[in-house]
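Reading through the structure tokens given below for one structure.
In listed order, ligands and their atoms are each counted from 1.
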Amino acid sequence: MKVKCPTCQHDVSWEEKNEYRPFCSKRCQMIDLGDWASEANAIAGKPASETAPQNAMDVEEIEAMLAKQNDSFFTH
Ligand SMILES: [Zn+2]
């Protein structure tokens with residue numbers, strides 16, 4: 001059975017002895033793992049920067065709610 005190396009598109013025989021399958025070589029496997037790792041880092045880095053301002057807004061909302069509750073508590 002032949003497969004194409006996902007990294008360099010060379011034909012690779014799918015064999016038990018080919019420990020890097022579906023890659024043709026360790027180099028191509030490392031390149032693919034490196035791509036995956038950098039993509040994972042990019043995805044992991046995204047929510048952190050996006051959720052930070054959202055969390056700050058949540059805290060402000062909670063504080064505003066507590067302030068309103070305190071107002072009604074003291075005025076009634
Ligand atoms: Zn390759």
Side-chain angles (χ1 to χ4, degrees):
M1 183 182 160
K2 291 261 185 188
V3 294
K4 284 206 184 295
C5 170
T7 304
C8 67
Q9 306 302 313
H10 281 164
D11 285 337
V12 183
S13 347
W14 189 281
E15 293 169 349
E16 283 295 317
K17 66 173 183 177
N18 179 8
E19 60 179 301
Y20 304 118
R21 67 184 187 277
F23 303 97
C24 66
S25 63
K26 187 175 184 174
R27 185 183 149 273
C28 282
Q29 186 186 40
M30 294 307 283
I31 288 168
D32 192 74
L33 288 174
D35 282 352
W36 180 86
S38 57
E39 275 176 32
N41 285 341
I43 291 159
K46 232 181 181 180
S49 55
E50 279 178 4
T51 52
Q54 219 170 8
N55 286 344
M57 265 177 71
D58 286 347
V59 169
E60 275 176 47
E61 268 177 23
I62 290 161
E63 279 178 354
M65 262 173 58
L66 289 174
K68 271 185 192 170
Q69 278 178 352
N70 283 345
D71 281 349
S72 57
F73 180 77
F74 285 119
T75 50
H76 287 285

Only protein N/O/S atoms count here: give how many lie under 2.8 Å from the Zn ion (ligand 1).
4
Full working for side chain to side chain contact (heavy atoms under 4.5 Å, CB included) between Met65 and Glu61:
CA-CA 6 Å; Met65 262 173 58; Glu61 268 177 23; 5.8 Å; no
What side-chain donor-acceptor pairs closer than 3.5 Å can you find for residues 1-14, not counting sequence neighbours?
residue, atom, partner, partner atom, Å
Lys4, NZ, Asp11, OD1, 3.1
Thr7, OG1, Cys28, O, 3.0
Gln9, NE2, Pro6, O, 3.2

What distance separates Leu33 CG from Phe23 CZ, expressed to the nearest 0.5 Å?
6.0 Å
Please say which of Glu16, Glu15, Gln29 ends up in a side-chain contact (heavy atoms from CB on, under 4.5 Å) with Arg21.
Glu16
How many angstroms lie between atom CZ of Arg27 and atom CE of Met30, to the nearest 0.5 angstrom?
12.0 Å
